[in-house]
Amino acid sequence: MAAPSDLAFDPWDPAFLADPYPAYAELRARGRVHYFEPTNQWLVPHHADVSALLRERRLGRTYQHRFSHEDFGRTPPPAEHEPFHVLNDHGMLDLEPPDHTRIRRLVSKAFTPRTVEQLKPYVRDLAGELVSGLVEAGGGDLLTDVAEPLPVAVIAEMLGIPEADRAQLRPWSADICGMYELNPSQETAAKAVRASVEFSEYLQELIAARRKEPGEDLISGLIAAHDEGDRLTEQEMISTAVLLLNAGHEATVNATVNGWWALFRNPGQLAALRADHSLVPSAIEELMRYDTPLQLFERWVLDEIEIDGTTIPRGAEIAMLFGSANHDPQVFEAPDKLDLTRKENPHISFSAGIHYCIGAPLARIELAASMTALLEQAPTLRPAAEPERKPNFVIRGLEGLAVEV
């Protein structure tokens with residue numbers, strides 16, 4: 001186990017954020033687990049360990065179903081952060097069974113293979129319209145013109161959020177997701193709290209409206225399930241809607257821009273994709289592996305575990321490095337090479353275990369729709385400027401991606 005000062009891992013260093021993968025290679029070479037003092041976390045960089053720990057029931061996304069903050073040796077969050085934690089802690093991503101099981105069972109009804117398949121024409125048509133607008137303008141920002149509006153519209157449509165209200169969804173989501181970064185600042189926390197309050201108030205009004213006039217949307221479905229006896233509090237409805245909105249577009253947005261930037265930097269692979277559109281499904285999997293949208297996933301140690309002879313005590317926090325796992329040479333041949341024809345690709349960009357991304361099939365449909373539309377309508381698409389990377393580590397993306405046709 002390397003000493004903290006010896007690690008190249010520095011999630012606040014712009015050079016590291018630009019390309020964290022060499023530092024991951026060093027972490028993997030130096031051991032299976034490393035204590036990182038600045039965040040008081042244990043870093044796990046290998047694919048086999050990350051994959052196993054995602055299924056490990058001695059770990060949890062929360063500990064509050066078993067312990068108080070004090071019992072667990074943790075300081076309670078500041079009182080002024082309470083609106084964020086109330087919102088976040090009632091979403092199924094941060095719950096453990098039986099609450100997680102109950103909520104996921106209800107939500108999964110909206111994400112059955114049949115339901116997702118029925119969305120394909122809508123997603124394909126919307127992607128085509130967005131790309132047409134980009135082409136007619138001779139270019140633009142791939143992030144704001146295509147990557148963002150597509151998944152935001154799809155998940156908002158599923159939730160039943162009126163079109164006139166959707167412009168605020170992305171800013172709320174961005175502010176809330178700022179709290180998922182390592183050691184967020186007071187300013188970041190204040191933004192997240194404000195967004196949590198505003199988003200929750202908006203959804204309270206929407207739920208009240210759907211109680212009076214139900215629709216075919218997911219929020220109406222959750223209300224109906226509650227009324228039929230499935231226990232679901234209003235806070236759980238609100239937190240579920242926010243989670244689905246945030247998780248339902250953040251990964252897709254960042255996978256789109258990260259992916260196209262990777263293609264632009266690998267012209268041979270881009271040429272092969274343009275020549276053979278049947279590569280789109282494998283290209284999506286490879287691009288999500290190659291530059292992972294979610295770099296880190298945290299779990300609490302509920303009961304002491306051991307990794308490679310190192311005991312990780314109860315109350316510790318483990319940071320599973322998805323980006324590193326997706327570049328592990330023990331699993332992926334030539335992992336730092338972009339290969340759109342890669343056959344064996346067990347990437348963990350959608351997580352695993354009980355917290356596997358419920359929207360993964362929908363995300364794949366959205367990514368395929370936008371990529372196909374861009375290949376068909378903008379076969380000469382090229383970058384217009386070097387993009388600026390967001391100063392974030394956990395959620396990896398670009399500030400924008402200027403392109404021209």
Side-chain angles (χ1 to χ4, degrees), residues 4 11-12 35-44 53 58-100 103 171-204 232-247 250 294-304 312-322 351 354-355 390-395:
W12 302 282
Y35 178 67
F36 188 60
E37 190 172 12
T39 59
N40 191 23
Q41 292 174 317
W42 294 85
L43 308 177
V44 177
L53 291 173
R58 286 175 293 176
L59 304 183
R61 281 291 291 175
T62 183
Y63 53 80
Q64 294 185 68
H65 60 308
R66 285 182 51 185
F67 307 101
S68 69
H69 293 299
E70 292 75 15
D71 290 340
F72 207 60
R74 290 279 159 177
T75 303
E80 61 268 24
H81 295 178
E82 184 179 3
F84 165 81
H85 288 288
V86 167
L87 181 63
N88 184 72
D89 294 354
H90 286 83
M92 62 183 175
L93 183 61
D94 281 80
L95 290 172
E96 291 296 311
D99 290 327
H100 172 275
I103 297 174
W172 277 336
S173 173
D175 286 347
I176 289 169
C177 288
M179 282 292 271
Y180 304 139
E181 293 300 319
L182 300 177
N183 298 355
S185 67
Q186 287 186 339
E187 181 186 2
T188 297
K191 284 183 178 180
V193 167
R194 185 168 59 249
S196 298
V197 170
E198 292 174 0
F199 205 167
S200 296
E201 289 175 349
Y202 170 78
L203 287 168
Q204 283 172 340
L232 196 67
T233 67
E234 179 159 300
Q235 182 58 59
E236 287 171 340
M237 284 188 213
I238 291 169
S239 296
T240 297
V242 171
L243 171 64
L244 290 174
L245 186 278
N246 292 353
E250 281 290 347
L294 181 67
Q295 291 279 313
L296 178 151
F297 194 67
E298 298 162 330
R299 300 285 292 278
W300 296 104
V301 180
L302 304 177
D303 294 298
E304 179 183 287
I312 315 293
R314 187 180 85 182
E317 190 175 29
I318 287 181
M320 291 171 281
L321 299 175
F322 282 12
S351 192
I354 67 167
H355 291 294
K390 285 184 175 178
N392 301 337
F393 165 59
V394 175
I395 300 175

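Computed from a prediction, not measured in an experiment: that's the story for all the values here.
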* **CA sep, side-chain torsions, deciding dist, call: Tyr180, Asn88, side-chain hydrogen bond (donor to acceptor under 3.5 Å, both in side chains)** => CA-CA 10 Å; Tyr180 304 139; Asn88 184 72; 2.8 Å; yes

* Stepwise, does the side chain to side chain contact (heavy atoms under 4.5 Å, CB included) test hold for Leu294 with Val394? -> CA-CA 6 Å; Leu294 181 67; Val394 175; 3.8 Å; yes

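- In plain terms, the two heavy atoms of Leu95 and His355 that are nearest each other are O-CE1, 3.2 Å.
- Summarising the geometry of Met179 relative to Ala192, their closest heavy-atom pair is CG-CB, 3.2 Å, with the distance given to 0.1 Å.
- Within the 4.5 Å cutoff, side-chain heavy atoms of Ile395 are placed close to those of Glu250.
- The side-chain heavy atoms of Phe84 and Leu87, taken from C-beta on, include no pair separated by under 4.5 Å.
- Inter-residue side-chain proximity for Leu321 and Phe297 is flagged as unmet; no heavy-atom pair is nearer than 4.5 Å.
- A donor-acceptor contact closer than 3.5 angstrom is absent between the side chains of Gln64 and Ser68.
- Within the 4.5 Å cutoff, the side chain of Trp42 has no heavy atoms near those of the Glu317 side chain.
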* How far apart are the C-alpha atoms of Tyr63 and Arg74, what are their side-chain angles, what is the distance that settles it, and do they pass the side chain to side chain contact (heavy atoms under 4.5 Å, CB included) test? -> CA-CA 10 Å; Tyr63 53 80; Arg74 290 279 159 177; 3.4 Å; yes

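- The two residues Phe72 and Val301 have their closest heavy-atom pair at CZ-O, 3.2 Å.
- Residues Val193 and Glu198 have side chains not in contact (no heavy-atom distance under 4.5 Å, counting atoms from C-beta outward).
- Atom OG1 of residue Thr62 and atom CH2 of residue Trp300 lie 9.0 Å apart, to the nearest 0.5 angstrom.
- Minimum interatomic distance between Glu96 and Leu59 (heavy atoms only, all atoms of both residues): OE1-O, 4.3 Å.
- Using a 4.5 Å heavy-atom threshold, the side chains of Thr188 and Glu181 count as separate.
- Between Trp172 and Tyr202, the ring-plane angle classifies as tilted under the 30° and 60° cut-offs.
- Evaluated for a salt bridge (charged side-chain N to carboxylate O under 4.0 Å, His left out) with Arg61, the options Asp89, Asp99, Asp94 yield exactly one hit, Asp94.
- Minimum heavy-atom separation, Ala195 to Ile176: CB-CG1, 3.8 Å.
- Remark: Glu298 pairs with Gln41 by the side chain to side chain donor-acceptor pair (under 3.5 Å) rule, at least two apart or across chains.
- Counting heavy atoms from C-beta on, the side chains of Leu232 and Ile103 come closer than 4.5 Å.
- The closest donor-acceptor contact from the side chain of Arg299 to the backbone of Ile318 lies at 3.5 Å or more, if one exists at all.
- To the nearest 0.5 Å, atoms CE (Met320) and CD (Gln295) are separated by 14.0 Å.
- Residues Glu70 and Pro76 have side chains in contact (heavy-atom distance under 4.5 Å, counting atoms from C-beta outward).
- A distance of 5.5 Å separates CE of Met92 from CG of Leu243, quoted to the nearest 0.5 Å.
- Applying the side chain to side chain contact (heavy atoms under 4.5 Å, CB included) rule to Glu201 yields the partners Val197, Gln204; only residues at least two apart in sequence or on another chain are considered.
- Rounding to the nearest 0.5 angstrom, the gap separating the NE2 atom in His85 from the CD atom in Glu82 is 9.5 Å.
- Rounding to the nearest 0.5 angstrom, the gap separating the NE2 atom in His90 from the OG1 atom in Thr233 is 6.0 Å.
- No donor-acceptor distance shorter than 3.5 angstrom exists from the side chain of Asn246 to the backbone of Cys177, with no hydrogens or angles considered.
- Closest approach of Trp12 to Leu182, counting heavy atoms only: NE1-O, 3.7 Å.
- Using a distance-only test at 3.5 Å, with no hydrogens or angles considered, no donor-acceptor pair links the side chain of His100 to the main chain of Leu93.
- In this structure, OG on Ser196 lies 10.5 Å from CZ on Arg194, to the nearest 0.5 angstrom.
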